[in-house]
Amino acid sequence: MSEPLTKSYVDATDPSHPIQEDLVLNELFERARKRGVVGEVVNLETNRRFTTTEILEKADGYAKGMLALGLIPGEDTFAVVGCSTIEAVNVFAACSAIGVAFAHPYIYAPKDVSITNTLSLMEPKAVMVGEGASGTTFNSFLKFFSESGDSPRSDKLPFIEHIFYDNSHNDRAPAHRCLNPLSQLTEIGKSVSDKQLEGAKRSVKPEYRFHHYFSSGSTGKPKCVAHSHYSLANELMQLRSDNLKPMLAMNPNIDELQSYSCVALTLAGKVSKCVFIPDIDLSMSPDEVAMIYIQGVVKEGVEYLAVTGAVSNIIKSYVSKSKIDFPAMKLFINGAQIVSRGYKENLKRLLSGKAWTLYGMSEAGTIGTSSVGDTEEDEEARMQARLIVKSNTQLRIVDSNDEVVDIGKDGMVEVKTFSRFLEYRKQEQLAKDMFTADGFLKTGDVGVMFEDGTFIIKGRSADAIRFKVLGDVIYPGPIEQAMSQHPAIDNISVIAGTTNDYYGDELTYCIKLKAGVEKPSEEDLLEYGEAHELDEMQRPCRLIYMEKLPYTDNSRKVSKMRLREMVHEMITKDSETGLCDWYKKFLVEIGE
């Protein structure tokens, strides 16, 4: 920026790299194939691998099968349930080719509820079901269907007309007559000619729904986020580099957003190899899991880590305590506000490379990233998690009246971007409520912008804790990230325990200890927090130890709403629940 900004608004329109109005996803895959660019997708769980050429060729057979079944491009959906193999990638590519919508929802516990909740939002006409690491999803799905009859019959899932079984993970013959081996999809497709397939490919419209992501927000109720070919294809075009070195990615059965983003990058020739971590088997110890990842990184020559914080932490912990030489990474991707500087510095020491921060959301794709430059200033900005607004995106930070705030002031982050979602399936009003009158998407995040147009994310507005006496708003993310590394802590969630009109919200640490460890003292926790860059304002007013923390309905994260209700009830019964010594003295001093 040549002139320092005074208001928190950036327009990152890039005339040299315009958005392409008529772009569809498969066009990018075909361009790479015609250029002779051949990438590879590898699954560490099954040790199966496909070249991108093999994937696209197999996808053509599946696409013909979908057309033969009567799936209507632009209208119908093909869903994948419980499949941790590369066959899910082949189906993804087939759907992209002919404009049939695709989904691979994460199936949480209880699995039968998750299956009905997610599939009922999309109403897929065809489903591929697999076994995954344990087979429990497969068994839960089949319980909804009668074993007799050549066609699927289910009271709970009546919209499903075709079910295919991926037996590449565990070869067996299920009893259900309505269940066909996946090879049958290709067999059915032999009635469709190459000419008909090419015609279907040419007929795909940029506005067709393609990928459905599932996002729970803070409630745990699944929201089916539908994106178009237009938004996803242009999102891919934002990465101008081609044939980057191998990238370690999430298994599709664990995270549909990260995994298929990396698949798309590979099919489009942007990444040379996508290596999937295994579908997590809960019977494995963290050390066993870490060794699988590390062996895969070494064997496949991985140079980029694109995995969740939980996975990178497993790797970090094992590398640190085992004192092994981990191959140097070029780049490892972190989330935004929840990653502390100390954590990133530790990762950098163990993994080398750049601690690259990516900020985005299911509804808008990538919104901002840290710099990949090589100067000391670039490195310092990465450590601070300063973000650059993505090209062809407008970003503003506003107050409660939707007015753009001055530089340096906290506010709500809103974006206007080409990669915005089309809809929440079956939640039309909720989708409308996500946008302002002038078309900006409300992220629900609080941020602050600097004079050069970079910005940082401070936390979710719903999680903000306002302790008036110390004079600022506190966000749980940095505290949770720092304290979760304490050797005695298994899990931690930070909330406002109670609220008082005079001194505001009480900062409360809710802690689940590791099995068999002693409860750390208050002094120990305060010293640990101080050593890990937490300041006085982030000290706990209350420390509450719990046998377990309540999770959202999809089991993916702690439900702060339920936790606040539980803690409020505990404090109502006993006002001194978990009070820290320093805070007791503070209350005496202010006359409470």
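Small disclaimer: the values here were computed from a predicted structure and weren't measured.
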*Are any non-hydrogen side-chain atoms of V80 and P252 less than 4.5 angstrom apart?*
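When only atoms from C-beta onward are counted, P252 and V80 do not touch, as no gap falls below 4.5 Å.
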Residues, nucleotides or ligands: over 12 heavy atoms within 6.0 Å of [X] [atom1]:
X	atom1	answer
K7	NZ	yes
Q429	CD	yes
K426	NZ	yes

Are [X] and [Y] within salt-bridge range, i.e. N to O under 4.0 Å?
X	Y	result
E414	R396	yes
E235	R420	no
K416	D438	no
E536	R539	yes
E30	K34	no

*Anything under 30° is parallel, anything over 60° is perpendicular, the rest tilted; go ahead and classify H104 against F102.*
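Geometry flag for F102 against H104: perpendicular rings.
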*Do we get R460 above Y475's six-membered ring, with its NZ or CZ under 6.0 Å from the centre and within 45° of the axis?*
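No.
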_Using the salt bridge (Lys or Arg N to Asp or Glu O under 4.0 Å) criterion, which residues pair with K316? Sequence neighbours excluded._
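For K316, no residue satisfies salt bridge (Lys or Arg N to Asp or Glu O under 4.0 Å) once neighbours in sequence are set aside.
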*Do Q238 and N234 have a side chain donor and acceptor closer than 3.5 Å?*
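No pair is found: no donor N or O on one side chain lies under 3.5 Å from an acceptor on the other.
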*Distance-only donor-acceptor check, side chains N253 and S84, under 3.5 Å*: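 No donor-acceptor contact under 3.5 Å links the two side chains.
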